[in-house]
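A short write-up of the structure that comes next.
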There are 2 protein chains.
Amino acid sequence: MTRRTAPARSGRSWPSAASPKRKLADPILEERAQQLLKALVQRYIREGQPTGSRTLTRESGLNLSPATVRNIMADLEEAGYVRAPHTSAGRIPTDLGYRFFVDSLLTVNPLREWEIEQLRIRLDRGTNADVLIDSASNLLSGLTQLAGVVTIPRRHTGSVRQLGFLPLSERRVLAILVVNEHEVQNRVLQTGRDYSGAELEHIANYLNAEFGGKNIEQIRAALLDAMHQDRKEMTELMSLAIEVAQRLFTRPEGEDEDDDYVMAGETNLMTFAELSDIEKLKQLFEAFNHKRDIIHLLDRCLTADGVQIFIGQESGYEVFDGVSLVTSRYQSDDGVLGVLGVIGPTRMPYGRIIPIVDVTAKLLGHALNPHH
Amino acid sequence: MTRRTAPARSGRSWPSAASPKRKLADPILEERAQQLLKALVQRYIREGQPTGSRTLTRESGLNLSPATVRNIMADLEEAGYVRAPHTSAGRIPTDLGYRFFVDSLLTVNPLREWEIEQLRIRLDRGTNADVLIDSASNLLSGLTQLAGVVTIPRRHTGSVRQLGFLPLSERRVLAILVVNEHEVQNRVLQTGRDYSGAELEHIANYLNAEFGGKNIEQIRAALLDAMHQDRKEMTELMSLAIEVAQRLFTRPEGEDEDDDYVMAGETNLMTFAELSDIEKLKQLFEAFNHKRDIIHLLDRCLTADGVQIFIGQESGYEVFDGVSLVTSRYQSDDGVLGVLGVIGPTRMPYGRIIPIVDVTAKLLGHALNPHH
DNA sequence: CATTGGCACTCTATGACCTAGAGTGCTAAC
DNA sequence: GTTAGCACTCTAGGTCATAGAGTGCCAATG
């Protein structure tokens with residue numbers, strides 16, 4: 001199991017030095033406090049209800065009286081790890097409590113070999129990329145009974161395999177770009193003058209020879225170079241080709257935001273008590289539809305390897321109150337392709353979710369490897 | 001305003017002959033009953049609460065005592081047009097009541113000229129079809145504060161403008177199909193043997209000459225014809241071309257269901273009291289995600305012109321309990337393209353919704369006309 | 001001096017009970 | 001055929017009492 005890494009902005013650690021008032025500095029007490037916190041979080045994830053000191057003594061395995069537990073809980077509350085919904089309820093974890101739990105207390109249950117095998121079968125190489133993305137998101141949602149989300153790989157990471165043109169009408173040419181073996185992109189170019197079929201074919205040949213196998217970033221760089229060369233040194237064909245390629249690889253205006261994601265199982269979230277507030281639920285679903293914020297959030301996970309977790313409002317978005325996100329980026333041999341993950345109530349079984357996300361990311365990345 | 005037509009299976013009319021027990025046969029009473037039903041439905045759409053006899057006397061404009069109204073209401077209840085949630089609440093309309101209301105009692109408020117103008121601006125010709133579809137669905141949802149839905153035009157209605165091939169690797173050829181001026185389809189063909197670029201170009205030329213301008217249905221028919229001709233009579237080129245075209249226009253297996261729709265504003269439905277039952281809401285949203293049933297329902301609207309209305313479970317789907325659908329098909333000069341509409345609680349202001357759907361359908365159809 | 005038993009206190013959830021109000025159905029009078 | 005009157009029903013909402021869970025604090029303890 002890969003080590004879980006905390007998102008950059010919230011990489012908090014247990015405040016052993018920053019003891020708020022009294023005993024938490026004592027290593028023994030601290031150990032006990034951790035055990036209790038662990039028991040509390042686990043139980044809350046299971047039952048969804050506040051837990052009192054009496055129950056906790058039983059559950060934690062520690063040999064302590066309820067009174068002692070009460071003292072410790074008071075400390076934990078002061079430190080911000082737990083809170084009481086009202087005076088005479090038990091305690092429940094805060095976001096900070098969950099954070100400490102997933103960073104330091106969590107024991108992960110790895111998937112069984114046959115479960116991985118199941119996943120592997122359903123994420124088979126050689127299937128169309130779009131279908132794979134869909135499958136992955138459905139698998140995530142199906143296995144976890146939460147919402148699954150997978151970002152669609154960015155276009156410009158793929159390498160161009162082939163390039164062709166098709167004259168449409170005067171001054172309009174359809175450019176076809178085959179990326180990554182299977183993926184096809186089309187773009188209609190308005191040209192300054194007519195091009196004959198033969199001309200287009202020559203241009204295509206030239207560009208294929210020049211740029212075949214490179215990825216779009218590289219091609220852009222090469223084009224920039226070519227621009228700065230003296231036109232005199234080029235054949236007419238070359239400069240024509242460069243001009244066309246320029247139009248082709250310069251992203252049209254509004255289209256720079258081609259990021260998108262696929263989500264499945266959102267409806268699973270409707271059954272959770274913590275989201276039964278319909279207004280909140282509505283706002284969450286609106287965020288899903290809006291996509292921009294979610295994309296932004298997911299993009300933040302592109303930088304770090306391994307499984308990452310956003311707990312509640314840590315993400316910075318209000319709608320994520322009570323909601324957590326477990327993600328991992330997925331990558332093929334060509335590099336990072338995107339991010340996938342699971343969205344659910346903060347009270348989710350992390351020990352099960354994390355390996356699912358982890359393995360799915362790896363298998364999806366593998367399945368998207370360019371064929372040889 | 002176009003006349004609203006009832007869906008085929010529910011084209012009920014007022015049972016003037018089938019009077020259940022007593023006075024409904026009397027034309028005067030019938031008239032009054034209708035007026036009362038109208039007042040009841042209108043008020044319920046506005047207020048969302050059961051209405052009693054006293055209120056109804058005031059609201060209906062009729063000069064009757066509450067006691068008389070009570071009698072009439074009892075008749076209407078027996079006939080199935082209204083019902084009482086409990087003994088001492090007022091009455092609310094049943095699905096049947098709504099049906100009669102929209103078929104015979106409804107007065108539609110046409111849109112103001114400037115409202116139409118607004119719509120026209122936002123559904124401008126010359127925009128990309130996908131963007132238009134999105135806009136339409138957003139407009140529907142925005143204007144009505146309900147969920148807007150637009151089916152994506154079926155592929156095979158468009159006419160093929162151009163056709164080209166791009167050799168990928170040995171035995172794999174990318175076929176490019178330009179349909180309807182702007183829309184591009186790609187398909188990878190696994191071929192039995194290698195084809196040279198020149199061969200492919202010849203084939204493309206032949207097929208373009210043969211099939212350019214025809215729509216996909218026509219092409220399939222032509223291909224079927226060609227199949228039955230004696231092979232001996234064809235040049236090798238022709239038979240090659242036919243073979244390739246066969247593969248190209250024969251829809252791959254699982255892909256026959258390429259129907260799809262775009263929905264916007266589903267979240268608007270979450271605020272309605274009649275859907276506050278979270279389990280029901282969940283099922284409805286699952287139906288939206290599932291798509292198949294919804295598509296099937298929308299497809300039923302393809303056959304009839306004008307605005308159509310499905311009220312509650314009339315549609316035959318349980319999830320539509322308490323939910324109605326107002327639709328219209330939209331069409332360009334080339335024929336019917338698809339269906340659009342609004343989904344909302346049965347208690348929706350039909351008088352406003354109907355013209356919105358009607359006008360949007362017309363404008364969208366117009367905007368999707370092939371350019372000249 | 002950390003731990004614990006004891007105790008007073010607080011807060012919630014639940015159910016019983018009551019009442020006001022809205023609306024009905026029926027009957028008898030008009 | 002219509003209506004006034006009346007007994008009846010049902011709900012929404014409020015009050016009240018109670019049981020139960022859990023706390024915080026204090027004084028006792030090993």
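Convention: sequence-line order gives letters A, B, ...; per-chain numbering from 1. Being a predicted model, the structure only gives us computed values, none of them experimental.
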>> Does E47(A) have more than 12 heavy atoms from other residues, nucleotides or ligands lying within 6.0 Å of its CD?
In response: yes
> Residues in side chain to side chain donor-acceptor pair (under 3.5 Å) with S141(B), at least two apart?
Replying inline: none
> Between N71(A) (CG) and dG22(D) (P), how many Å, whole number?
Replying inline: 17 Å
> Roughly how many Å is it from CD in E30(B) to C1' in dG1(D), rounded to a whole number?
Replying inline: 17 Å
Can you give the donor-acceptor pairs under 3.5 Å from side chains of residues 52-59 of chain A to other protein atoms, not counting sequence neighbours?
{"unit_1": "S53(A)", "atom_1": "OG", "unit_2": "R70(A)", "atom_2": "NH1", "d": "3.2"}
{"unit_1": "T57(A)", "atom_1": "OG1", "unit_2": "R54(A)", "atom_2": "O", "d": "2.4"}
{"unit_1": "E59(A)", "atom_1": "OE2", "unit_2": "R43(A)", "atom_2": "NH1", "d": "3.4"}
{"unit_1": "E59(A)", "atom_1": "OE2", "unit_2": "R46(A)", "atom_2": "NH2", "d": "2.9"}

>> Please enumerate all residues that pass side chain to side chain donor-acceptor pair (under 3.5 Å) together with Y317(A), with sequence neighbours excluded.
In response: H296(A)
>> Going by the rule side-chain contact (heavy atoms from CB on, under 4.5 Å), which residues pair with S137(B) if we only count those two or more places apart in sequence or in a different chain?
In response: V150(B), V262(B), A264(B)
> Taking only side-chain nitrogens and oxygens of R91(B), does any of them come within less than 4.0 Å of OP1 or OP2 of dA22(C)?
Replying inline: no
> Can you pull the salt bridge (charged side-chain N to carboxylate O under 4.0 Å, His left out) pairs that have at least one residue in residues 83-92 of chain A, sequence neighbours excluded?
Replying inline: E77(A)-R91(A)
> Could you give the CG-to-P distance, from L76(A) to dG24(D), as a whole number of Å?
Replying inline: 12 Å
> Atom CZ of R83(B) to atom P of dC10(D): distance rounded to whole Å?
Replying inline: 16 Å
>> Can you list everything that forms a side chain to side chain donor-acceptor pair (under 3.5 Å) with E286(A)? Sequence neighbours excluded, please.
In response: T267(B)
>> Tell me the interatomic distance from I72(A), atom CD1, to dG22(D), atom C1', rounded to whole angstroms.
In response: 17 Å
>> What is the separation between atom CD1 on I92(B) and atom C1' on dT11(D), rounded to the nearest whole Å?
In response: 15 Å
Quick test: give all pairs of protein nitrogen or oxygen and nucleotides 8-16 of chain C nitrogen or oxygen below 3.5 Å, distance rounded to 0.1 Å.
{"unit_1": "dC11(C)", "atom_1": "O2", "unit_2": "S88(A)", "atom_2": "OG", "d": "3.0"}

> Whole-Å distance between dG22(D) P and M73(A) CE?
Replying inline: 12 Å
> Rounded to whole angstrom units, what separation is found between the CD atom of E78(B) and the P atom of dT24(C)?
Replying inline: 16 Å
> Counting heavy atoms not belonging to E318(A), are there more than 12 under 6.0 Å from its CD?
Replying inline: no
> Quick one: side chain to side chain donor-acceptor pair (under 3.5 Å) partners of Y98(B), sequence neighbours excluded?
Replying inline: none
> Near DNA chain D, which residues from residues 45-70 of chain A have a heavy atom under 4.0 Å away?
Replying inline: G52(A), S53(A), R70(A)
